[in-house]
Amino acid sequence: MLTKDTMLKAYRLMMSARAMAETYEANRPICKYVHSTSRGHEAIQLATAMLLHPDDWVSPYYRDESLMLGMGWRPYELMLQLLAKADDPFTGGRAYYNHPNSRREAFPKIIHQSSATGMQAIPTTGVAQGIKYQETQGLKDYKLPPVVICSLGDGSVTEGEVSEAFQFACLHQLPVIYLVQDNDWGISVSSDEARTMNAFEYAAGFKGLERVQVDGSDFEDAYKTMEYTIDWVRKERKPILVHAKVPLLGHHTSGVRKEWYRTEEDLAKHMAKDPALKLRKKLLSKGITEAQLDAIEAEEKINIEQQFAEAVAAPEPDPASVTDFVFAPTPVTEERGVRTPAGKEKVMMVDAALHAIEEILHTHPNALFYGQDVGRRLGGVFREAATLADKFGDERVFNTAIQEAYIIGSTIGMSALGLKPIVEVQFADYIYPAINQLVTEISKSCYLSCGKYPVSCVLRVPIGAYGGGGPYHSGSVESTIATIKGIKIAYPSNVADMKGLMKAALLDGNPVVMLEHKGLYWSKVPGTEEARMPEPDADYVLPFGIGNVVCEADTEAVENGESICVITYGMGVYWAKNAARKFPGRVEVVDLRTIYPCDETLVFNTVKKHGKCLVLTEEQLRNSFCEALAGRIAQNCFASLDAPVQTMGALDLPAVPMNMGLEAAMLPNVDKVAEKIEWLLNY
């Protein structure tokens, strides 16, 4: 219920927001980092914030400082981020103004998100997905059913990833409110030149998404609308979009001045809708005097000046802290469990992967598995999820639409709730639509939240070429993924490594990409029979960053300088091992097992031992992970080298051809590797 005291509180916070904007503008040399303010948006933001509870989740966007004030954050705390100070409670001086994240007790929770021009819709919808999962699985009993607020500017709704979020929320009926603040501008792009409809009209196309419009500059209207909306979502557990029309009173950002692109007529039209002026008139009509309101404004000016001075005097971050929080500490630091049980028959890698997931789902009720075609009917196009939905139900193992961005990005919200999402992209070639979520959201979450929100997820990616898969089912993507800092990458080549690394990935607490070679799943490719092994016990775990010598050279050959080493992974392990048989005792093969972290200690020691090295990959060679590793080997082992470090990979073609003869011409094979080894041995 909206009371006069609530309206007075809102007016005071509006005066705080106004004073903050004026203070920043008056101190532009000090406020040197790019920032936006909430001027014009205060009413809808404050109304929303005042109705939230500690179990609720909200994703503010960069103009939502009034939303933060309404939830109880002090201007001083926001200013610490404005000035990139050490005590910035959100990112420790690493991100822009009003890019918050929080697990503060008694406050609504805020996941990490990027600069929030649409990308936040997927991770935030993932929070709602996680809440529904907790509720349906009985994993958590909430006293008050939580709601999730995803705040968006109207311009960002044109992003394709927003439609993926809407679609999933509608299909699964999730408790999320998409709060769209429409000020008619997207930097200098006006609404009429950017889109054919506003967000309210757009939402009509999503069956199952309720919608409502509100004057977001009128605090009374905004409060009553949001009160009804939030209560409705708490009760109905369904999604809704709120389209709030608001003026833009400030600059787009401190770096893009409003006078550069807006006319005097447009500015005057927006100023006439100032939420503070509207609220002041209503308070006067309710018996509050001009003097009382003037006193509030004066008090807040002084208050903001004092807090700004404190923030300016606050310490800068310690440069030594720049490398903190890239990853959360992992509990998996040593190999444990039985790797090769006695008396067990050999199994295929695809079975080891399937059994690993099954054991995980049995052991961890907070784990679930979803992606394209992994559900009950098919169980994965490679049968890598066969029977899982039958055993664990359609709420824990289920299909998704062709929405790679959503599949991957939703794990952020799921993880924030303590869930363990395992997701799959059907082929490596299809990972590119999700790269935005991997780069912009997942990889940065732990680092920019100062460890508050590491993303614990396992992303399974069938990869590699064999048997005429063609240009969209045969690609290798490890170099692309390896350029993304803040994620871990496994590439197992046999049953034991597959299972041990899968278990480690689940326990790791960080984002892990599991690259699983399709040609090794069933050992159908000639020469890959050794990928089949007795399956490790359920308790077997293999830490990341520990390579394995899978073929040793003879001591005599090493001492006589007649040996070389091959550094490789995945299918390269079998090309190298089979080629090595043509040079008995003279070739040592290292299987990296994980791309990141990479066991450089083993690599460098092995290269120094032999003096000659070939780095082998299935990927197109130029500018690859393989070439980068060869460069690090050359830098670190130069004094021990007896020959230039050699690299070998696929031809530098845009895609893998479907014709099997052309495919073979593009890729390495045993004979090609043997020829390279012979050349290097004779160097």
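All heavy atoms count here, side chains included; hydrogens, waters and symmetry mates do not. This chain uses plain numbering: 1 for the first residue, then up along the sequence.
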Audit row: Lys143, Asp55, salt bridge (charged side-chain N to carboxylate O under 4.0 Å, His left out) steps and yes/no: CA-CA 9 Å; Lys143 293 180 180 178; Asp55 279 339; over 6 Å; no
Please test Tyr406 against Thr125 for side-chain hydrogen bond (donor to acceptor under 3.5 Å, both in side chains), starting from the C-alpha separation and ending with a verdict. CA-CA 9 Å; Tyr406 188 87; Thr125 305; 5.4 Å; no
Take Gln306 and Asn303 through the side-chain hydrogen bond (donor to acceptor under 3.5 Å, both in side chains) test and state the conclusion after the steps. CA-CA 5 Å; Gln306 291 174 342; Asn303 178 36; over 6 Å; no
Test side-chain contact (heavy atoms from CB on, under 4.5 Å) applied to Trp57 and Leu52, step by step: CA-CA 8 Å; Trp57 293 75; Leu52 295 177; over 6 Å; no
List the steps, then state whether side-chain hydrogen bond (donor to acceptor under 3.5 Å, both in side chains) holds for Gln45 with Gln181. CA-CA 9 Å; Gln45 292 181 20; Gln181 300 174 59; 3.0 Å; yes
Derivation and outcome, side-chain contact (heavy atoms from CB on, under 4.5 Å), residues Phe168 and Ile407: CA-CA 10 Å; Phe168 197 95; Ile407 292 167; over 6 Å; no
Could you walk me through whether Glu299 and Arg12 pass the salt bridge (charged side-chain N to carboxylate O under 4.0 Å, His left out) test, one step at a time? CA-CA 9 Å; Glu299 289 166 7; Arg12 181 175 291 278; 3.0 Å; yes
Let me see the working for Asp88 and Arg94 under salt bridge (charged side-chain N to carboxylate O under 4.0 Å, His left out), right down to the final yes or no. CA-CA 9 Å; Asp88 158 22; Arg94 296 175 176 186; over 6 Å; no
Go through it in stages, so that I can follow the logic: the residues are Glu161 and Asn436, the test is side-chain contact (heavy atoms from CB on, under 4.5 Å), and I'd like the CA-CA distance, side-chain angles, deciding distance and then a yes or no. CA-CA 10 Å; Glu161 292 184 6; Asn436 188 29; 3.1 Å; yes
Assess the residue pair Arg280 and Glu290 against the criterion (salt bridge (charged side-chain N to carboxylate O under 4.0 Å, His left out)); give the C-alpha distance rounded to whole Å, side-chain angles, the decisive distance to 0.1 Å, and a yes or no. CA-CA 9 Å; Arg280 185 181 181 98; Glu290 292 271 7; 2.5 Å; yes
Intermediate values then yes/no, side-chain contact (heavy atoms from CB on, under 4.5 Å), Glu236 and Glu210: CA-CA 11 Å; Glu236 299 295 330; Glu210 297 295 323; over 6 Å; no
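Contact annotation: the side chain of Ser66 never approaches that of Met14 to less than 4.5 Å [non-hydrogen atoms, C-beta and beyond]. Looking at Lys238 and Leu209, their side chains never come closer than 4.5 Å, going by heavy atoms from C-beta outward. Counting only heavy atoms from C-beta outward, the side chains of Leu283 and Gln292 never approach each other to under 4.5 Å. The shortest distance between side-chain heavy atoms of Ser410 and Tyr370 falls below 4.5 Å.
Within a 6.0 Å sphere centred on OH of Tyr96, other residues, nucleotides and ligands contribute 12 heavy atoms or fewer. In the displayed structure, Glu193 atom CD is contacted under 6.0 Å by more than 12 heavy atoms of other residues, nucleotides or ligands. The local environment of NZ in Lys258 is crowded, with over 12 non-hydrogen atoms from other residues, nucleotides or ligands closer than 6.0 Å. Few gaps surround CD on Glu259; more than 12 heavy atoms of other groups in view lie less than 6.0 Å from it. In this structure, Glu105 places its CD atom where only 12 or fewer heavy-atom neighbours from other residues, nucleotides or ligands lie under 6.0 Å away. Atom OH of Tyr228 is surrounded by 12 or fewer heavy atoms from other residues, nucleotides or ligands within 6.0 Å. Heavy-atom neighbours of Lys278 NZ from other residues, nucleotides or ligands within 6.0 Å: above the threshold of 12.
At least one donor-acceptor pair under 3.5 Å links the side chain of Asn101 to the backbone N or O of Phe90. Using modelled atom types, one side-chain atom of Asp56 and one backbone atom of Val147 make a donor-acceptor pair closer than 3.5 Å. With hydrogens and angles disregarded, no donor-acceptor distance shorter than 3.5 Å links the side chain of Glu297 to the backbone of Met15. Remark: side-chain polar atoms of Thr124 are not paired, donor with acceptor, to backbone N or O of Ala121 under 3.5 angstrom. Put simply, the side chain of Ser38 never gets that close to the backbone of Glu42: no donor and acceptor are under 3.5 Å apart. Proximity of a side-chain donor or acceptor of Gln129 to a complementary backbone N or O of Thr411 within less than 3.5 Å is not detected. Distance alone, capped at 3.5 Å, is enough to place a donor-acceptor pair between the Gln120 side chain and the Ser151 backbone. Between the side chain of Lys109 and the backbone N or O of Pro54 there is at least one donor-acceptor pair closer than 3.5 Å. Without hydrogens or angle criteria, His99 side chain to Tyr97 main chain gives a donor-acceptor distance under 3.5 Å. Side chain of Ser443 to backbone of Leu438: a donor-acceptor contact under 3.5 angstrom is found.
We find that Glu305 and Lys301 are not joined by a salt bridge, their nearest charged nitrogen and carboxylate oxygen being 4.0 Å or further apart. The residues Lys140 and Glu135 are annotated as not salt-bridged, no charged nitrogen and carboxylate oxygen being separated by less than 4.0 angstrom.
Applying the side-chain contact (heavy atoms from CB on, under 4.5 Å) test between Cys31 and each of Leu82, Thr23, Val312 identifies Leu82 as the sole match. Test Asn183, Asn198, Asp184 against Lys245 for side chain to side chain donor-acceptor pair (under 3.5 Å) and you get one pass: Asp184. With respect to Asp274, the salt bridge (Lys or Arg N to Asp or Glu O under 4.0 Å) criterion is satisfied by exactly one of Lys281, Arg39, Lys269: Arg39.
When every heavy atom of Pro146 is checked against every heavy atom of Pro175, the shortest pair comes out as O-CB, 4.1 Å.
Going from atom CE of Met71 over to atom CG of Leu46 covers 10.5 Å, rounded to the nearest 0.5 Å. Atoms OG1 and CG, from Thr229 and Leu241 in turn, are 10.0 Å apart once rounded to the nearest 0.5 Å. Once rounded to the nearest 0.5 Å, the distance linking OG of Ser456 with NZ of Lys420 reads 3.0 Å. Here Asp215 contributes atom CG and Asp221 contributes atom CG; the two are 5.5 Å apart, rounded to the nearest 0.5 Å. Between the CD atom in Gln81 and the CD atom in Glu65 there is a gap of 11.5 Å [rounded to 0.5 Å].
Relative to the ring axis of Phe219, Lys282 does not place its NZ or CZ within 45° and under 6.0 Å from the centre. Both the sub-6.0 Å distance and the 45° axial angle are not jointly satisfied by Arg195 relative to the ring of Tyr202.
Side-chain polar atoms of Gln167 and Gln403 form no donor-acceptor pair below 3.5 angstrom. Gln134 and Tyr142 share a donor-acceptor pair across their side chains, judged by distance under 3.5 Å alone.
The aromatic rings of Tyr62 and His252 stand perpendicular to each other, their planes meeting at an angle above 60°, with 30° marking the opposite boundary.
For Phe166 and Tyr178, the ring centers are positioned less than 6.0 Å apart. Side-chain rings of Tyr24 and His35 approach one another, their centers coming within less than 6.0 Å.
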